[in-house]
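The block underneath contains the structure these notes are about, expressed in structure tokens.
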Amino acid sequence: MEAFGQLSERDRSQAIQVLQQRLSSRDLRAVVESLDSKGRNRSRKSVEWIIAAAESNSGRLRSRLPEESLAEFLVDRSGFGLLESRELREKLCLRASADELERLHEYPGARSRGGHQAKAKAVAGRRWEPGKSWPRHFARALDIPSVFAGLPGGKREPDTIEVAPFAPLRELEDFQLELKKQAIEVLSGAPGANRGVLTLPTGAGKTRTAVESLIEWRLTQQRRSILLWVAQSEELCEQAVQAFSEVWTDLGHRNSEVRHSIEIARLWGDASTPSDPDIVVASIQKLDTIVRNSGNDVQDELGFLRENLGAVVVDEAHRMLAPSYNRVLRFLGIDLGKPSPTPVLGLTATPFRRVGDETRQLVARFNGKLLSSRSLGQEIVPELRQRKILSEPEHKVLRYAGPEFQVEDVEKYREHFEQFNDFHPDFLRGVSESEQRNRALLKQLLDLPSDWPTLFFGCTVEHAIAMAVLLRRANRAAEVVTSDTRSATRRALIEQFRNGHLSILCNYGVLTTGFDAPKVRALVVGRPTTSPVLYEQMIGRGMRGPKFGGTESCLVIDIEDNIRFSGQLAYKRYSSYWSADRN
């Protein structure tokens, strides 16, 4: 059994042994410091510091791990990305035997003149593409398990995919059919009546409903046009791509007249603009960058979209107050303050509380049209729980004896809170560095059954990485995903998590949206927030019920921090939401 996701205990142990045999404590220390100093200023505590402090049992705070555990720390911190560190590769080459170094040096593309040191630098500096032939050769030459050559795959998905019709999906529920009918009416409406907001709780099939509506509407149009789906994150973009793929495939199963393929273009990250797609799924950041930076060339780069635009969908429409959305939509010929021939559909998650001012303001930007299902009644969430579409959440508040965190006494924290109504990143960093807090979180995570798929949301990238390493060092199958995690690695880890080979998946800021793992049994919210939207996104990852492939219940664990500020933590607003409280 693989105890560490893609990394088996055998491979892990062998890698630790190789590092201990080949490198000195000084070498290992240099590699650790190079990893922990990457992109970090001096005021921020390192991953090693967080782990050493949390594991201190003597009453004396430690900031470093014992020298004898550095090899183990490096393997657990980096996983199968271990050899991506150029510093580590150079140290290994410097300590390699003459025959080993020669074998590496003779590999095409790594040659240079000079002695052992020059050759070692040349070998270490060769371009590293995880999973390719050179990394595999490097690992073999030094007796390092091949898994540390990394997973093959680019930094992103292909720019376009072709989807041919084939297999069936589950039939839509009655409330989804109601919303689909309303969405098609909006898409078919005249200017001034062709905008609306479709809202459903996370886990209730909002994306599937919207995609079904768009495709059915498009098939009725005489003119071939492009559907544009705009989202905030790469995860949400990829989720939409997969939904379009699955729905088109299913349509071919149900409709004998549909036998042609459609082209879905990915337009985010480093992707180039497509030439002639049927559907474009784009991040708002990518579109805004093109509009702002292309100058006179923007017409040529996005002209195909402007001239052939059939409809626009904005996922997470509550973010539309940001200037980037207005810039992009206006370039495409859409002014939200005026009627437009191009229909616009907004998607947003139903608030777990009653509809508030934010939702009303959002609906006002869409001609006041809120798409709702009569069959679900006024109390949507309880009805969906009764139908087993949403899970029954249980709630627990984790308490610990720790320091007081102050917002009011630090000017930049106070100003940030006044502007954004949430905590400054540096404030969250300070919270994440409390050893008492991290010990309490670690104990709570270890107390959960190991067969419960659990998501952990950290305060910072370092916090998420440190918690994953602490869990591994306590023999719990855990991994971490951050914005720096390669797409191929991220997919593999999420698949391992879905399949039950990972007990706990830690993250910072990347699994709040667009992440689909229906069997999540527990969520540990390790970052304080006052934002109901962010909080609902986090806990929504575990709210899918058994009828949609999820769980009967999901345990949500919040941590009670002693924070001095003029506001209310988001989780404290939800006393009526939980089915049971385990304080």
Side-chain angles (χ1 to χ4, degrees), residues 4 7 9-40 42 44-53 55 62-107 110-130 134-150 462 465-466 468-470 472-473 480 484:
F4 295 88
L7 187 60
E9 178 58 32
R10 178 180 178 181
D11 288 339
R12 175 179 178 269
S13 298
Q14 185 177 339
I16 292 170
Q17 185 177 18
V18 168
L19 294 186
Q20 288 173 333
Q21 290 175 345
R22 289 181 175 272
L23 302 181
S24 66
S25 296
R26 185 176 180 179
D27 292 332
L28 292 167
R29 170 59 58 195
V31 176
V32 167
E33 291 180 354
S34 72
L35 287 176
D36 274 340
S37 64
K38 185 179 179 181
R40 181 176 63 85
R42 296 187 176 212
R44 291 164 57 179
K45 300 294 192 295
S46 67
V47 173
E48 182 191 10
W49 189 99
I50 296 172
I51 292 169
E55 290 184 340
R62 293 187 319 188
S63 61
R64 285 188 166 197
L65 293 171
E67 301 298 305
E68 61 270 17
S69 69
L70 290 180
E72 179 184 1
F73 167 70
L74 276 174
V75 174
D76 284 343
R77 187 197 191 290
S78 303
F80 41 72
L82 177 69
L83 294 176
E84 291 178 24
S85 164
R86 178 171 176 172
E87 181 81 13
L88 176 59
R89 297 199 303 273
E90 184 170 332
K91 296 295 184 187
L92 287 168
C93 290
L94 286 170
R95 306 304 179 209
S97 68
D99 288 344
E100 289 171 337
L101 184 57
E102 194 61 30
R103 199 181 318 153
L104 291 170
H105 188 250
E106 289 300 314
Y107 193 87
R111 298 179 183 180
S112 70
R113 296 181 179 181
H116 194 95
Q117 187 170 359
K119 290 180 179 179
K121 285 184 175 294
V123 170
R126 181 184 170 88
R127 184 178 178 183
W128 189 267
E129 296 182 89
W134 165 243
R136 294 199 301 271
H137 177 76
F138 186 96
R140 279 196 304 270
L142 299 179
D143 298 322
I144 298 171
S146 60
V147 69
F148 293 100
E462 292 88 353
I465 294 172
V469 176
L470 283 165
R472 292 178 195 145
R473 290 162 70 87
V480 62
D484 293 330

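Since the model is a prediction, treat every value here as computed from it, not as a measurement.
Rounded to the nearest 0.5 angstrom, Ile51 CD1 and Arg473 CZ are separated by 6.0 Å. Rounded to the nearest 0.5 angstrom, Cys93 SG and Arg126 CZ are separated by 12.0 Å. The distance from the CZ atom of Arg89 to the CG atom of Leu104 is 11.0 Å, given to the nearest 0.5 Å. Atoms CD and CG, on Gln14 and Asp143 in that order, are 7.5 Å from each other to the nearest 0.5 Å. Separating the CG atom in Leu74 from the CG atom in Leu88 is a distance of 6.5 Å, to the nearest 0.5 Å. A distance of 8.0 Å separates OG in Ser25 from CD in Glu68, rounded to the nearest 0.5 Å.
Considering every non-hydrogen atom in both Gly150 and Pro130, the closest pair reads CA-CB, 4.1 Å. Between Ala96 and His116, the shortest heavy-atom distance links the atoms O-CE1, 3.4 Å. When every heavy atom of Ala139 is checked against every heavy atom of Pro145, the shortest pair comes out as CB-O, 4.2 Å.
For Glu33 and Arg64, the salt-bridge test passes: some basic side-chain N is under 4.0 Å from an acidic carboxylate O. In summary, Arg29 and Glu67 engage in a salt bridge, as defined by a charged side-chain N under 4.0 Å from a carboxylate O. Looking at Arg12 and Glu72, a side-chain N of the basic residue comes within less than 4.0 Å of a carboxylate O on the acidic one, giving a salt bridge.
The ring pair (Phe, Tyr, Trp, His ring centres under 6.0 Å) test with Phe138 is passed by exactly one of Tyr107, Phe148, Trp128: Trp128. Exactly one of Lys119, Lys121, Arg95 qualifies for a salt bridge (Lys or Arg N to Asp or Glu O under 4.0 Å) with Glu90. That residue is Lys121.
Considering only heavy atoms from C-beta on, Ser78 stays 4.5 Å or farther from Glu84 through its side chain. Leu19 places none of its side-chain heavy atoms less than 4.5 Å from the side chain of Val31. Between Leu35 and Ser85, some side-chain heavy-atom pair lies under the 4.5 Å cut-off.
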Practice problem: Mind running side chain to side chain contact (heavy atoms under 4.5 Å, CB included) on Glu48 and Leu70 for me, showing each step along the way? | Solution: CA-CA 9 Å; Glu48 182 191 10; Leu70 290 180; 4.0 Å; yes
Quiz item: Is there a side-chain hydrogen bond (donor to acceptor under 3.5 Å, both in side chains) between Glu9 and Ser13 once you walk through the steps?
Solution: CA-CA 6 Å; Glu9 178 58 32; Ser13 298; 3.0 Å; yes
Practice problem: Check step by step if side chain to side chain contact (heavy atoms under 4.5 Å, CB included) holds for Leu92 and Ile144. | Solution: CA-CA 11 Å; Leu92 287 168; Ile144 298 171; 3.9 Å; yes
Exercise. Take Leu23 and Val18, measure what side chain to side chain contact (heavy atoms under 4.5 Å, CB included) needs, and give me the verdict at the end.
Key: CA-CA 8 Å; Leu23 302 181; Val18 168; over 6 Å; no
Quiz item: Can Leu142 and Glu100 be said to form a side chain to side chain contact (heavy atoms under 4.5 Å, CB included), step by step?
Solution: CA-CA 7 Å; Leu142 299 179; Glu100 289 171 337; 4.0 Å; yes
